[in-house]
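The model shown is predicted, which means the values in this text are computed figures rather than measured ones.
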Amino acid sequence: GTRFDFSAAQQSPSPERRRLLDRIFPPAIATQLEKDPQALVGREREVTVLFADLRNFSSTCAVLDTRDSYELLNEVMDLLTAAVMERDGVVIDYYGDGLAAMWNAPLDQPNHAELACRTGLQMLATLPSVNTTWMARLPRELRLGIGVHTGMAQVGNVGSRQRIKYGPRGPTVNLASRVEAAT
């Protein structure tokens, strides 16, 4: 089961519900979920998971003041998130100086592995512009580790009645994370 209140979600669409879905999912997925919120119910399915993490960011932050550290991190996360959303991926979570995303859930995406790989390539392509902008303030260029893996996972909402926390669980997620750590 899930803790999201599907009975309320199946009533006539509300602006609040749509804003919530738009903050979690790309617009095309949010539109479909507004029509069929049962798509968020836990199930097993093939997904492609991507992890992206800035390398040595803690030491980079040590030379920046707090405001600059957060400004830089927000700029990078904006670029990484945009890359995911442009290819209809779902950002699972932000952690420290990285993010996790997935494709092929909650809705089918036949080319999900390709979408994730193209997203990773776009992420790497956008990092030089950040390095150019921040060159004078950084001790070294920013580097990004990316891991992508496709496999079966349990996918669903493990949030609360107040907050959706939709994402995958299982060995596929763990392997994607380990691939990212090895890059």
Side-chain angles (χ1 to χ4, degrees), residues 1-11 13-14 16-54 77-124 144-183:
T2 182
R3 298 180 64 160
F4 184 67
D5 185 357
F6 288 108
S7 60
Q10 289 176 327
Q11 297 169 4
S14 71
E16 297 81 21
R17 189 172 310 112
R18 180 56 194 234
R19 280 194 296 275
L20 173 65
L21 290 171
D22 283 339
R23 292 190 70 186
I24 300 168
F25 300 103
I29 293 175
T31 298
Q32 290 185 355
L33 290 176
E34 201 170 27
K35 296 173 190 170
D36 180 19
Q38 289 297 320
L40 295 177
V41 171
R43 64 189 67 178
E44 190 160 334
R45 64 184 293 141
E46 183 179 70
V47 295
T48 299
V49 179
L50 176 148
F51 279 83
D53 185 75
L54 286 171
M77 289 302 128
D78 280 345
L79 291 171
L80 300 183
T81 300
V84 171
M85 300 293 278
E86 284 173 22
R87 289 183 178 75
D88 292 327
V90 174
V91 174
I92 302 165
D93 210 348
Y94 298 96
Y95 56 93
D97 52 15
L99 66 74
M102 74 173 169
W103 286 261
N104 205 41
L107 305 173
D108 293 334
Q109 295 171 296
N111 59 338
H112 54 94
E114 178 183 347
L115 291 169
C117 289
R118 289 190 183 279
T119 298
L121 291 171
Q122 181 179 340
M123 289 174 169
L124 292 171
L144 188 65
I146 297 175
V148 177
H149 181 65
T150 299
M152 296 304 290
Q154 296 176 349
V155 183
N157 177 41
V158 293
S160 67
R161 294 189 192 285
Q162 294 82 26
R163 185 167 185 232
I164 292 175
K165 176 73 164 107
Y166 183 80
R169 305 281 179 264
T172 294
V173 179
N174 296 336
L175 187 52
S177 176
R178 284 177 174 75
V179 169
E180 176 271 313
T183 62

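The side-chain contact (heavy atoms from CB on, under 4.5 Å) check on E86 picks up A82, Q122, with sequence neighbours excluded. Residues passing the salt bridge (Lys or Arg N to Asp or Glu O under 4.0 Å) test with E114, sequence neighbours excluded: R118. Every residue meeting the side-chain contact (heavy atoms from CB on, under 4.5 Å) condition with H112, not counting sequence neighbours, appears here in chain and number order: E46, T48, W103, N104, Q109, T150. Among residues two or more places apart in sequence or in another chain, the salt bridge (Lys or Arg N to Asp or Glu O under 4.0 Å) test is passed with D78 by none. Partners of A100 under the side-chain contact (heavy atoms from CB on, under 4.5 Å) rule, at least two apart in sequence or in another chain, are F51, I92, Y95. Applying the side-chain contact (heavy atoms from CB on, under 4.5 Å) rule to A52 yields the partners L50, L80, M123, L144, I146; only residues at least two apart in sequence or on another chain are considered.
Closest non-hydrogen pair, G147 versus V179, comes out as CA-CG1, 3.6 Å. Residue V155 comes nearest to Y166 through the heavy atom pair CG1-OH, 3.0 Å, listed as atom of the first residue, atom of the second, then distance. The nearest pair of heavy atoms linking V148 to A116 is CG1-CB, 4.0 Å.
Residue pairs meeting the salt bridge (charged side-chain N to carboxylate O under 4.0 Å, His left out) criterion with at least one member in residues 147-156, sequence neighbours excluded, do not occur. Annotation: side-chain hydrogen bond (donor to acceptor under 3.5 Å, both in side chains) contacts involving residues 169-180, sequence neighbours excluded, comprise R55-E180.
A 4.5 Å side-chain heavy-atom check between T81 and L99 finds at least one atom pair inside the cut-off. Residues V47 and M152 have side chains not in contact (no heavy-atom distance under 4.5 Å, counting atoms from C-beta outward).
Going from atom CZ of R45 over to atom CE of M102 covers 8.5 Å, rounded to the nearest 0.5 Å.
For the pair N157 (side chain) and K165 (backbone), a donor-acceptor distance under 3.5 Å is present.
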